[in-house]
There are 4 protein chains.
Amino acid sequence: MKSIVSTRQRRKDARPQELLDAALSLFVEKGFAATKAEEVAALAGVSKGTLYLYYPSKEDLLRAVIRHNLSTEIAAGAQELARMGGPAGDRLQRVVADWWERILASPTSGVFKLVITELRNFPEIARFYAEEVVMPGTQLVESLIREGVASGEFADVNVQQAALSVLLPMVMLCLHKHSLGACGLGDPALEQPELFIRQHLALVVNGLRRGPARL
Amino acid sequence: MKSIVSTRQRRKDARPQELLDAALSLFVEKGFAATKAEEVAALAGVSKGTLYLYYPSKEDLLRAVIRHNLSTEIAAGAQELARMGGPAGDRLQRVVADWWERILASPTSGVFKLVITELRNFPEIARFYAEEVVMPGTQLVESLIREGVASGEFADVNVQQAALSVLLPMVMLCLHKHSLGACGLGDPALEQPELFIRQHLALVVNGLRRGPARL
Amino acid sequence: MKSIVSTRQRRKDARPQELLDAALSLFVEKGFAATKAEEVAALAGVSKGTLYLYYPSKEDLLRAVIRHNLSTEIAAGAQELARMGGPAGDRLQRVVADWWERILASPTSGVFKLVITELRNFPEIARFYAEEVVMPGTQLVESLIREGVASGEFADVNVQQAALSVLLPMVMLCLHKHSLGACGLGDPALEQPELFIRQHLALVVNGLRRGPARL
Amino acid sequence: MKSIVSTRQRRKDARPQELLDAALSLFVEKGFAATKAEEVAALAGVSKGTLYLYYPSKEDLLRAVIRHNLSTEIAAGAQELARMGGPAGDRLQRVVADWWERILASPTSGVFKLVITELRNFPEIARFYAEEVVMPGTQLVESLIREGVASGEFADVNVQQAALSVLLPMVMLCLHKHSLGACGLGDPALEQPELFIRQHLALVVNGLRRGPARL
DNA sequence: GATGAATGAGTCTTCATTCAT
DNA sequence: AATGAATGAAGACTCATTCAT
């Protein structure tokens with residue numbers, strides 16, 4: 001039983017994704033404003049006109065790139081975190097490491113650079129990012145920490161701030177990968193980012209265990 | 001004694017700084033490519049033509065903005081760190097907190113956003129940033145940690161990675177201030193960034209004291 | 001006897017006419033250059049590609065629209081005028097009124113707007129319009145007037161100019177219908193154009209009867 | 001006492017008018033949509049960019065062209081009509097002839113073609129034209145006719161329709177001048193349009209004198 | 001020095017036309 | 001025959017940069 005869809009149809013169906021991939025890559029590399037629509041089309045292997053068949057404007061393409069990549073990867077990661085048992089500290093380390101190693105390894109890591117850069121020019125993106133990415137992500141980590149605090153495993157810290165101690169370096173890793181890292185000028189300690197991720201999580205979890213040192 | 005400098009002269013001398021300030025503010029807000037040369041001039045209170053009297057091109061202006069702000073603030077902060085005594089952990093907390101609180105409060109905080117964004121389009125900037133900012137900055141923190149390790153105050157961690165655990169959130173704070181934070185959508189835990197800075201440093205230093213938890 | 005033409009065949013035969021109608025309507029409404037080929041196809045209920053099966057280019061479509069509509073209606077009207085008897089003045093009034101009322105009521109009225117607009121961009125159209133429409137039309141009226149002058153019914157006017165006094169308002173009526181009239185902003189005196197046509201012809205014929213007033 | 005305005009200033013002041021003239025000429029000749037912005041600039045002797053210094057878009061330029069030319073010429077003509085004495089018929093002939101001979105001789109004659117064509121794409125233009133041009137113009141002629149009817153000089157006709165019998169050919173003259181006339185294919189009777197204008201007005205006024213012939 | 005009018009290379013976007021299905 | 005995906009030439013508009021005043 002052969003598929004009846006024509007080559008044409010198959011290509012058409014793949015176009016949006018191909019364009020999104022090309023756009024992500026170039027927007028992350030050169031910035032949104034400095035990327036020409038034609039470059040995106042060329043990288044996706046189509047002509048300028050075809051790009052506009054799928055996205056009505058360069059700005060709409062940007063929105064689609066961000067929405068698509070954020071919903072896909074970020075949400076996916078968050079799903080798995082619900083499962084798993086064990087002490088909060090262990091779970092925190094395992095779960096966050098797995099989650100961000102996957103993000104860091106995927107092209108999605110670039111969206112953070114894009115978001116940081118373009119947020120202020122696109123208010124809808126700001127709201128979307130805050131509500132759909134930042135909030136769910138931090139709440140996930142916060143709930144793990146809160147659990148540890150409740151069970152006495154962790155000291156009585158400010159939970160929201162502690163979650164940021166966990167997460168901010170993860171985001172910075174993504175940014176670094178597409179800035180200094182991409183120029184071959186990255187910090188040598190980040191050449192194997194998984195190692196950094198693990199030590200960082202260990203450091204923070206260990207720090208949480210007995211309450212922060214007094215300043 | 002001819003200290004009677006004309007108003008014109010005084011304004012002229014101030015021009016480069018005024019232009020750099022205006023440019024920093026706009027480049028950080030809207031991005032380099034999306035900022036018009038004329039907007040920079042207008043914000044600095046001069047005409048388009050005058051801008052070109054001081055900087056031969058928009059790219060040169062960008063380079064000047066970055067160089068100027070990075071050398072000034074970052075280097076300045078680093079200087080003071082050399083002085084001071086006491087246990088490594090205490091010094092680390094005090095010194096890094098003071099240093100980054102000042103950066104975060106100043107317009108210089110924006111340069112990190114600019115650098116992250118434009119690095120890949122301006123190779124000289126990449127090199128300058130890596131050599132003049134990243135390296136000195138990390139080495140400073142690394143030497144404090146190394147000291148603590150040597151004295152037995154800290155566990156035997158990977159020093160470079162530990163320095164990044166200390167510093168990456170500081171940089172993220174700067175980026176956040178000029179992205180989500182500037183939209184009024186920032187994480188509430190960052191409304192008083194000094195509090196976060198202090199808890200974060202305490203957490204990490206505390207984590208260093210006992211050696212990282214096993215993963 | 002194979003009168004069993006398939007639906008497809010029937011539709012196919014009707015296509016050229018449907019396309020011409022759609023094109024006329026849109027060209028008159030929005031102008032030739034501002035009308036997209038795809039809009040014409042859509043209004044005719046076919047796809048873009050099909051349009052090009054029948055007309056090799058948008059310009060050819062325009063030519064066909066004009067030729068088709070002008071030859072059809074204008075020529076048809078002119079035919080009937082030859083027949084009929086009675087005084088020149090009466091025939092002039094009756095004949096011109098009938099003729100132009102029919103034109104004004106039909107979509108053909110729009111072609112005058114199209115012709116006025118596009119003449120200078122399409123020299124063949126100009127020649128066609130001058131020779132096939134303007135000349136036969138004016139000569140018809142001229143011959144009626146000339147007859148009246150010869151019989152002493154009319155004063156001795158410049159016949160060509162008098163024919164224009166008769167006809168120019170008729171053409172303007174067509175233009176008005178598709179400009180101000182179509183916006184609902186038309187002169188109220190033209191809400192029943194037949195009334196205007198009749199009074200106008202009466203006025204001119206009456207004016208011809210006594211010879212023009214001295215200026 | 002020399003003028004202090006610089007050459008630059010003088011050129012700048014003249015630009016809007018020069019651009020308006022160039023635009024009128026090309027829009028009338030080729031149509032709005034078929035005229036390139038750059039052509040207008042070139043005809044005005046400036047570069048593309050300069051055009052946009054004075055008019056924010058091609059559409060705005062069109063609006064300015066129409067408004068400027070209609071307010072200038074049409075209003076001017078209407079002014080003089082108020083003055084003058086004598087029988088209504090004589091005044092009608094003299095006044096309308098003078099008025100339209102001047103319009104026909106000026107580039108303003110082209111605006112009628114432009115208005116007819118673009119009205120439906122630009123609603124504001126439609127309203128402006130109806131209220132500022134059509135209404136004042138027809139009311140002027142209507143009041144002259146009404147005067148003649150009141151004094152018994154004219155028969156008791158429909159005044160609004162009669163005004164159109166007077167005016168529609170004048171407008172057609174303008175359109176003809178910029179369509180067939182401009183191709184050298186115009187009706188020979190219009191080679192001296194003033195002659196036509198005079199006979200037409202005489203014909204209509206004569207027709208008004210004793211009431212229209214019965215149809 | 002300072003200005004801002006002028007320029008034109010460069011971009012986004014549209015749309016007539018083609019052609020594989 | 002009919003479709004509509006794809007193309008790329010063309011056109012509106014922007015903006016970095018220049019230069020006469």
Side-chain angles (χ1 to χ4, degrees), chain A residues 4-13 15 33-41 45-61, chain B residues 6 8-9 11-12 15 33-42 45-61, chain C residues 6 8-9 11-12 15 33-42 45-61, chain D residues 4-13 15 33-41 45-61:
Chain A
I4 328 171
V5 286
S6 67
T7 301
R8 199 113 184 229
Q9 188 57 45
R10 251 178 292 122
R11 291 180 72 201
K12 193 198 168 189
D13 292 346
R15 283 285 142 77
T35 300
K36 297 170 218 169
E38 193 161 14
E39 290 175 319
V40 175
V46 298
S47 76
K48 212 180 347 164
T50 301
L51 169 59
Y52 285 90
L53 243 36
Y54 294 89
Y55 299 95
S57 77
K58 205 182 145 192
E59 290 202 358
D60 283 295
L61 177 60
Chain B
S6 73
R8 194 158 193 176
Q9 187 58 41
R11 288 189 64 206
K12 189 198 157 188
R15 281 287 150 72
T35 300
K36 296 171 217 170
E38 190 161 15
E39 292 175 317
V40 175
V46 299
S47 76
K48 221 180 337 173
T50 302
L51 170 59
Y52 283 87
L53 248 32
Y54 291 90
Y55 299 94
S57 78
K58 202 181 149 194
E59 290 202 358
D60 284 298
L61 177 59
Chain C
S6 72
R8 194 158 192 174
Q9 187 58 42
R11 289 189 63 206
K12 189 197 155 188
R15 280 287 150 72
T35 300
K36 296 171 218 171
E38 190 162 15
E39 291 176 317
V40 174
V46 298
S47 77
K48 222 179 337 173
T50 302
L51 169 59
Y52 283 87
L53 249 31
Y54 292 89
Y55 300 95
S57 77
K58 203 180 148 194
E59 290 202 357
D60 284 298
L61 177 59
Chain D
I4 329 172
V5 286
S6 65
T7 300
R8 200 116 184 225
Q9 188 58 42
R10 250 176 293 123
R11 291 181 71 201
K12 192 197 169 190
D13 293 345
R15 282 286 143 75
T35 300
K36 297 170 219 169
E38 193 161 13
E39 291 176 318
V40 174
V46 298
S47 75
K48 209 183 349 163
T50 301
L51 168 59
Y52 285 91
L53 243 35
Y54 293 89
Y55 299 95
S57 76
K58 206 182 145 192
E59 290 201 358
D60 283 295
L61 177 59

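Just so we're on the same page: letters track the sequence lines, and every chain starts at 1.
- With the nearest nucleotide of DNA chain E identified for both D:Ser47 and B:Ser47, B:Ser47 has the one nearer the 5' end.
- Once rounded to the nearest 0.5 Å, the distance linking CD of B:Glu38 with NZ of B:Lys58 reads 12.0 Å.
- The NZ atom of C:Lys48 sits 11.0 Å away from the NZ atom of C:Lys36 when rounded to the nearest 0.5 Å.
- Both distances falling under 3.5 Å, in either a Watson-Crick or a G-U wobble arrangement, place F:dT21 opposite E:dA2.
- When every heavy atom of D:Ala33 is checked against every heavy atom of C:Ala33, the shortest pair comes out as CB-CB, 3.5 Å.
- As judged by a 4.0 angstrom heavy-atom cut-off over every strand, D:Tyr54 is placed among residues touching the sugar-phosphate backbone only.
- B:Asp60 places its CG atom 13 Å from the C1' atom of F:dT17, with the value rounded to the nearest Å.
- Between A:Leu51 and B:Lys58, the residue whose closest nucleotide on DNA chain F is further toward the 5' end is A:Leu51.
- When the side-chain nitrogen and oxygen atoms of D:Thr50 are compared with OP1 and OP2 of E:dT7, one or more of them lie within a distance under 4.0 Å.
- Taking atom CD of residue B:Glu59 and atom P of nucleotide F:dC15, one finds them 17 Å apart after rounding to whole Å.
- Taking OG1 from A:Thr50 and NZ from A:Lys12, the interatomic distance works out to 12.0 Å, rounded to the nearest 0.5 Å.
- Sorted by residue number, the members of residues 34-41 of chain D with any non-hydrogen atom under 4.0 Å from DNA chain F read D:Thr35, D:Lys36, D:Ala37.
- Comparing A:Arg15 and B:Ser57, the nucleotide of DNA chain F nearest to each residue sits closer to the 5' end for A:Arg15.
- If you measure from atom CG of D:Leu53 to atom P of E:dA5, you get 7 Å, rounded to the nearest angstrom.
- Nearest heavy atoms, A:Val46 versus A:Leu51: CG2-N, 4.5 Å.
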Which pairs, protein N/O on one side and nucleotides 18-21 of chain E N/O on the other, fall under 3.5 Å?
from, atom 1, to, atom 2, distance (Å)
E:dA20, N3, A:Arg8, NH1, 3.0

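- Here the closest non-hydrogen pair linking A:Tyr52 and A:Ala37 is OH-CB, 3.7 Å.
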